[in-house]
**Student:** 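Take this structure first; my questions come after.
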Amino acid sequence: SIPYFDENWRPTSFYPKIKYNRRGGLHTLCLLDIKVKEPDFEAMKRGKIVYLPPRFMTVNEASDQLIEAEEARAGGAYIPNKTLCVGLARLGQPDQC
């Protein structure tokens with residue numbers, strides 16, 4: 001899975017798995033993060049239970065994070081401007097792309 005990055009948390013735990021598979025000539029299926037029913041911590045501080053609107057990671061967001069992970073790790077798992085990646089989103093939904 002590729003989780004959403006935030007200002008304090010930028011995990012790249014997915015990177016070694018992609019690297020391992022690429023070295024073996026294999027494909028890797030990466031599931032993109034979703035945020036559903038995430039609490040609004042600012043509202044919680046005021047004693048209210050409020051949830052943020054749902055978010056679904058886009059292929060573009062995942063691509064940016066994959067590039068950032070390669071730049072941070074510099075392990076050669078992929079070449080950001082050359083490695084072919086295929087992204088599918090919202091399969092089976094009317095707005096699939």
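Both backbone and side-chain heavy atoms feed into the values below; hydrogens, waters and symmetry mates do not.
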**Student:** Between E70 and G75, which heavy-atom pair has the shortest distance, and what is it?
**Tutor:** OE2-N, 3.4 Å

**Student:** Would you say that more than 12 heavy atoms from the other residues, nucleotides or ligands in this model lie under 6.0 Å from the CD1 of I49, or not?
**Tutor:**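 Counting neighbours around CD1 of I49, 12 or fewer heavy atoms of other residues, nucleotides or ligands fall under 6.0 Å, so no.
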
**Student:** Working to the nearest 0.5 angstrom, can you tell me the gap between N21 CG and T28 OG1?
**Tutor:** 3.5 Å

**Student:** Sequence neighbours excluded, which residues qualify as salt bridge (charged side-chain N to carboxylate O under 4.0 Å, His left out) partners of E71?
**Tutor:**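 E71 satisfies salt bridge (charged side-chain N to carboxylate O under 4.0 Å, His left out) with no residue once adjacent residues are dropped.
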
**Student:** Could you grab the distance from atom CD1 of I18 to atom OG1 of T83, nearest 0.5 Å is fine?
**Tutor:**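 Atom-to-atom, I18:CD1 and T83:OG1 are 10.5 Å apart.
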
**Student:** How many angstroms lie between OG in S1 and CG in L32, if you round to the nearest 0.5 Å?
**Tutor:** 8.5 Å

**Student:** Roughly how far, to the nearest 0.5 Å, is CZ of F14 from NZ of K17?
**Tutor:**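 CZ of F14 is found 10.0 Å from NZ of K17.
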
**Student:** Should I2 and L31 count as side-chain neighbours, where that means a heavy-atom distance under 4.5 Å?
**Tutor:**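 Not in contact.
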
**Student:** So which atom in R73 and which in P16 form the shortest heavy-atom distance, rounded to 0.1 Å?
**Tutor:**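 Closest heavy-atom pair between R73 and P16: NH1-CG, 3.5 Å.
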
**Student:** Using only atom types and a distance under 3.5 Å, with no angle test, would you say the side chain of Q65 pairs donor to acceptor with the backbone of P3?
**Tutor:** yes

**Student:** Which pairs with one or both residues in residues 34-44 pass side-chain hydrogen bond (donor to acceptor under 3.5 Å, both in side chains), sequence neighbours excluded?
**Tutor:**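 Non-adjacent pairs meeting side-chain hydrogen bond (donor to acceptor under 3.5 Å, both in side chains): E42-K45.
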
**Student:** Going by heavy atoms in the side chains, are M57 and I34 under 4.5 Å from each other?
**Tutor:**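 SC-SC contact between M57 and I34 ruled out.
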
**Student:** Can you tell me if E61 uses its side chain to pair, donor with acceptor, with the backbone of Y4 under 3.5 Å?
**Tutor:** no

**Student:** Could you give the distance from OG1 (T12) to CG (L66), rounded to the nearest 0.5 Å?
**Tutor:**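 That separation rounds to 11.0 Å.
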
**Student:** Filter on ring-ring contact (aromatic ring centres under 6.0 Å, His included), then keep only pairs touching residues 47-97, sequence neighbours left out; what's left?
**Tutor:** Y15-Y78

**Student:** Heavy-atom distance under 4.5 Å between the side chains of V50 and P39, does that happen here?
**Tutor:**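 A side-chain contact under 4.5 Å is absent here.
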
**Student:** Under 3.5 Å, side chain of R22 to main-chain N/O of A77, donor-acceptor pair present?
**Tutor:**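 Yes, R22 side chain to A77 backbone: donor-acceptor pair under 3.5 Å.
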
